Amino acid sequence: MGKTVIIGGVAAGAGCAARLRRLDEDAEIVLLERGSYISYANCGLPYYVGNVIKSEDALLVTKEEVLRERFRVDVRTRNEVTAIDRKQKKILVTDLAANRTYEESYDNLVIATGSSPLRPRIPGIDSERIFTLWTVPDAEKIRRMVTDSRNKRAVVVGGGFIGLETAENLRREGLQVSIVEALDQVMAPFDREMAMLLEENIRENGVDLYLSDGVASFQAEDHMVFVRLSSGKELSADFVILSIGVRPNSQLAVQAGLKCNERGGICVDEQLRTSDPDIYAAGDVIEVADPVFGEKTMIPLAGPANRQARIVADNIAGGKERYRGTQGASVARVFDLTAASVGAGEKKLIRRGMVRGKDYEKVVISQNSHAGYYPGALPLIIKLLFSPDGKKIFGAQIAGGDGADKRIDTIGTVMQMGGGIAELKNLELAYAPPYSSAKDPVNMAAFAAENVIRKLVSFAEWDDPKPGSGEIILDVREEAERLTWAPEESVNIPLGQLRGRLEELDRKQPYIILCAVGVRAYTAARILLQHGFDHIKVYPGGARLYRSLQGK
């Protein structure tokens with residue numbers, strides 16, 4: 001095996017070093033990290049900022065001395081690789097502490113340099129009160145700002161995973177928080193209606209949300225930062241946190257002539273080799289395959305980075321392991337909700353030119369996280385995207401309470417195994433009242449999808465009825481339920497009375513049927529369709545979702 005040099009010591013780099021040592025006791029392993037820390041949990045940084053994680057030590061997954069002593073890895077922090085000489089199989093390293101430069105030879109090289117947060121050239125962005133949250137020192141600086149009693153207000157620029165988690169933790173620490181997002185929604189991978197559920201909850205928790213409004217400039221004065229938005233609005237804050245995306249740290253690879261994509265991601269094969277067979281790459285810095293459509297993409301997530309690290313180590317040790325791609329399974333807590341997704345969203349399907357009904361179908365259902373009669377049940381809104389024949393699942397999104405994570409993992413597992421709606425429907429899942437229902441929400445999503453495939457039901461869009469469509473909402477809830485809230489324009493016939501009052505309805509009129517969560521609406525649709533009503537749709541997710549998304 002010879003000598004392996006690993007550039008980068010966080011998730012992929014440290015994981016690769018530890019796995020490689022377990023496979024080969026005699027291998028020479030050198031780990032070079034330009035920062036002061038290795039193997040730290042950067043996903044936990046927002047929770048350290050918010051004092052949920054109390055100790056900095058808790059963020060350190062594997063300490064430098066442990067990797068050095070237990071795994072006999074030559075760990076060198078504060079050592080930055082500045083060049084790769086592929087012909088001579090050497091790298092140029094700068095020891096930042098000693099201020100000296102030296103060469104290091106290798107037999108196998110692993111590039112695990114990760115990614116860095118974007119910091120665009122916005123006027124005033126270099127203020128010392130404008131931070132990014134990506135490393136332990138970043139978190140320490142922001143934590144000091146949070147604990148300084150003089151600081152009352154913060155602006156978070158960016159409504160992605162890190163931005164929302166950071167905003168939540170700042171708010172829980174008592175700060176007034178504003179989120180600025182240039183897009184028209186938070187959580188870009190989510191479809192619009194699912195993101196709106198998160199936005200509703202964010203506002204309910206006292207956070208100001210500015211959507212479709214980017215930052216034009218920053219201006220620091222004394223102990224304040226003034227944030228001028230593209231709309232002309234101006235926000236003031238004691239400090240600002242940027243969370244507007246990342247870019248791969250692939251400069252070394254580009255300079256060395258390794259093949260990279262247009263976004264800077266290092267191109268690798270299934271065994272995670274670069275265009276140089278003696279150089280591997282793993283983590284945020286690489287391009288990965290999207291198993292849903294087979295195309296190349298960039299998905300910077302910790303789980304895939306760790307799996308890639310293991311595969312690289314195995315292959316350096318003589319294995320033939322293959323990386324099968326990244327589905328993008330992800331989850332985040334956003335105040336009172338959990339947001340989870342896997343695979344492609346509907347926005348991506350539409351960008352690919354796919355048409356609902358012809359190229360894909362979807363269902364959106366509302367189910368409780370566990371048995372409704374057991375205390376503490378919370379709604380889960382599940383969106384499932386699949387092929388019209390049900391043989392392929394394109395993706396899923398969930399917003400809701402407890403159990404969103406295990407449901408997205410279940411759907412993602414079926415996807416990875418090549419399963420479709422039939423496989424999802426037939427899953428046998430563990431049930432007890434505190435954890436689920438006898439009909440698990442995952443099974444229920446598959447049942448709804450099967451009904452669509454068999455043409456037993458049609459679902460409306462979340463923003464239906466649209467002006468001028470002529471569609472009328474038929475609310476089949478009980479009159480008492482409507483006392484709390486009812487759509488502004490709707491016809492009410494409770495489900496139990498529907499068969500006896502069919503003559504009150506026009507068989508040529510298009511109706512969108514609404515109930516609390518969708519179950520009664522489906523039953524009503526089946527009644528009407530079998531009594532000569534041809535233009536019937538069910539509102540997805542019921543009144544609970546309608547009120548959140550449309551509020552009228």
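Only a predicted model underlies this, so the values are computations on that prediction, with no experimental measurement involved.
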Under 3.5 Å donor-acceptor, Q255 side chain and L252 backbone:
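Not a single qualifying donor-acceptor pair exists.
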
Has E104 got a side-chain atom pairing as donor or acceptor with V93's backbone, closer than 3.5 angstrom?
no

Are side-chain N/O atoms of T77 and S36 paired as donor and acceptor at under 3.5 Å?
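No donor-acceptor contact under 3.5 Å links the two side chains.
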
Between the side chains of N315 and Y323, does any donor sit under 3.5 Å from an acceptor?
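Side chains of N315 and Y323: no pair found under 3.5 Å.
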
I'd like a table of donor-acceptor pairs (distance under 3.5 Å, sequence neighbours excluded) in which one partner is a side-chain atom from residues 173-181, with atom names and distances.
| from | atom 1 | to | atom 2 | distance (Å) |
| --- | --- | --- | --- | --- |
| E173 | OE1 | R143 | NH1 | 3.2 |
| E181 | OE1 | G159 | N | 2.7 |
| E181 | OE2 | L183 | N | 2.9 |

Considering only heavy atoms from C-beta outward, does the side chain of [X] approach that of [Y] to under 4.5 Å?
X: F239; Y: V146; result: yes
X: E199; Y: Q185; result: yes
X: T166; Y: I142; result: no
X: T297; Y: V288; result: yes
X: I125; Y: P120; result: yes
X: Q416; Y: P291; result: no
X: I241; Y: L170; result: yes
X: V186; Y: L164; result: yes

Residues in side chain to side chain contact (heavy atoms under 4.5 Å, CB included) with [X], at least two apart?
X: E69; result: E65
X: P137; result: Y37, T135, E140
X: D405; result: V331

From [atom1] ([X]) to [atom2] ([Y]), nearest 0.5 Å:
X: L96; Y: E80; atom1: CG; atom2: CD; value: 5.5 Å
X: I316; Y: T4; atom1: CD1; atom2: OG1; value: 4.5 Å
X: K89; Y: K3; atom1: NZ; atom2: NZ; value: 11.5 Å

Test side-chain hydrogen bond (donor to acceptor under 3.5 Å, both in side chains) applied to S436 - qualifying residues, sequence neighbours left out
R407, D440

Give every residue pair that meets the salt bridge (charged side-chain N to carboxylate O under 4.0 Å, His left out) criterion with at least one member in [range], sequence neighbours excluded.
range: residues 112-137; result: none
range: residues 280-299; result: D290-K348, E295-K348, E295-R352
range: residues 241-270; result: E270-R322

Answer yes when K87 and D85 have at least one side-chain N-carboxylate O distance shorter than 4.0 Å, and no when they do not.
no

Side-chain ion pair, R192 and E346, N-O less than 4.0 Å:
no

Checking [X] now: which residues fulfil salt bridge (charged side-chain N to carboxylate O under 4.0 Å, His left out) with it, not counting sequence neighbours?
X: R324; value: none
X: E321; value: none
X: R172; value: E168

The residue among I84, I6, N249, I286 that forms side-chain contact (heavy atoms from CB on, under 4.5 Å) with I111 is I84

Per the ring-ring contact (aromatic ring centres under 6.0 Å, His included) rule, what does the pair list look like for residues 255-302, sequence neighbours excluded?
F293-F394

